[in-house]
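Input: a single structure, listed below in structure tokens.
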Amino acid sequence: MQDDNKSIPQAPRLLHDELPEEHEDPLIRRLHVVIRYAIKLLAVLMVLVIIWGVLDVIYVLYSKFVSPPVLLFEVRDIFVIFGAFMVVLIAVEIFINIRLYLGTNVLPIRLVIATALMAIARKVIILDIETVSAEEMMAIAAVVLALGVTHWLVGKQE
């Protein structure tokens, strides 16, 4: 049986040098090592932020459960809880971006766009309509539209 994947044209992938350990210039080689360790430190720090975020979600849930009326949420409480969850999910996406940055030689553009979409979705979810101006609302709409179209176009090429 034929391989169907051979007949599907593949879009070109964006490649980058991933700070190679071997480089003809010794200074650049050492700088690449420093940058790799800095990115690893960022990954560790992001894991700490994620753990801190999870603890914050637990605290927010607990504080909303025990505040009067006990075991009942108001609509604004639900938005606060959603916001806390979304921050942790965004931090996880950023960690994945950091991990992929050095782990592959392909730029994870679609993942970066998806992370930005998640961040703006968080903004929309917790948005207080009463305090937002029309200009801010139009700007948020423009960002959502631009990111959505970009995500669609990048996904269409894959």
Side-chain angles (χ1 to χ4, degrees), residues 5 8 10-19 31-158:
N5 290 336
I8 300 172
Q10 295 293 321
R13 303 187 83 177
L14 296 174
L15 301 177
H16 71 94
D17 287 331
E18 59 174 80
L19 305 171
L31 292 176
H32 284 183
V33 170
V34 169
I35 291 171
R36 274 195 300 280
Y37 280 114
I39 292 173
K40 288 177 183 179
L41 177 62
L42 285 175
V44 169
L45 292 174
M46 187 53 68
V47 169
L48 294 175
V49 167
I50 291 167
I51 292 168
W52 193 335
V54 169
L55 294 174
D56 181 60
V57 169
I58 293 168
Y59 173 74
V60 167
L61 280 171
Y62 175 77
S63 65
K64 297 301 177 188
F65 270 131
V66 298
S67 62
V70 177
L71 298 178
L72 292 177
F73 292 142
E74 294 180 13
V75 173
R76 70 174 174 258
D77 296 334
I78 294 172
F79 286 128
V80 170
I81 293 167
F82 285 171
F85 272 93
M86 292 293 288
V87 167
V88 173
L89 293 175
I90 292 166
V92 169
E93 293 294 327
I94 292 171
F95 171 78
I96 293 169
N97 283 319
I98 292 169
R99 183 180 55 92
L100 287 176
Y101 183 76
L102 285 178
T104 66
N105 63 346
V106 177
L107 289 173
I109 292 174
R110 192 166 188 195
L111 182 60
V112 172
I113 295 167
T115 303
L117 269 169
M118 187 176 288
I120 197 69
R122 177 193 177 274
K123 176 72 175 172
V124 170
I125 288 170
I126 65 169
L127 193 64
D128 185 2
I129 302 290
E130 296 172 2
T131 62
V132 177
S133 69
E135 293 85 12
E136 288 174 303
M137 203 60 136
M138 293 298 286
I140 291 171
V143 169
V144 169
L145 180 62
L147 285 171
V149 168
T150 303
H151 191 268
W152 176 71
L153 286 172
V154 170
K156 192 175 178 182
Q157 289 181 350
E158 293 177 359

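Residue indices begin at 1 and follow the sequence shown.
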_Measuring from atom CG of Leu117 to atom CZ of Arg110, what distance do you get when rounded to the nearest 0.5 angstrom?_
10.5 Å

*How many angstroms lie between NE2 in His151 and CG in Leu111, if you round to the nearest 0.5 Å?*
8.5 Å

*Residue pair Lys64, Ile78: steps toward the side-chain contact (heavy atoms from CB on, under 4.5 Å) verdict*: CA-CA 9 Å; Lys64 297 301 177 188; Ile78 294 172; over 6 Å; no

*Measure the CG-CD1 distance between Leu127 and Ile140 for me, rounded to the nearest 0.5 Å.*
5.0 Å

Could you tabulate the donor-acceptor pairs under 3.5 Å formed by side-chain atoms of residues 79-99, not counting sequence neighbours?
unit_1, atom_1, unit_2, atom_2, d
Asn97, ND2, Glu93, O, 3.2
Asn97, ND2, Thr115, OG1, 3.2

*Any ring pair (Phe, Tyr, Trp, His ring centres under 6.0 Å) involving residues 39-75? Give me the pairs, sequence neighbours left out, ordered by first then second residue.*
Phe65-Phe73

*Using the test side chain to side chain donor-acceptor pair (under 3.5 Å), find all partners of Glu130 that sit at least two apart in sequence or belong to another chain.*
none

*Does Gly53 offer a backbone N or O that forms a donor-acceptor pair with the side chain of Asp56 under 3.5 Å?*
no

_I'd like to know whether Ile125 forms a side-chain contact (heavy atoms from CB on, under 4.5 Å) with Arg122, so could you lay out the CA-CA distance, the side-chain angles of the two residues, the decisive distance to 0.1 Å, and finally the verdict._
CA-CA 5 Å; Ile125 288 170; Arg122 177 193 177 274; 5.7 Å; no

Donor-acceptor contacts under 3.5 Å from residues 37-49 side chains, at least two apart:
none

*side-chain contact (heavy atoms from CB on, under 4.5 Å) with Val149: which residues, sequence neighbours excluded?*
Leu145, Leu153

*Could you tell me which residues satisfy side-chain contact (heavy atoms from CB on, under 4.5 Å) with Thr131, sequence neighbours excluded, listed by chain and number?*
Asp128

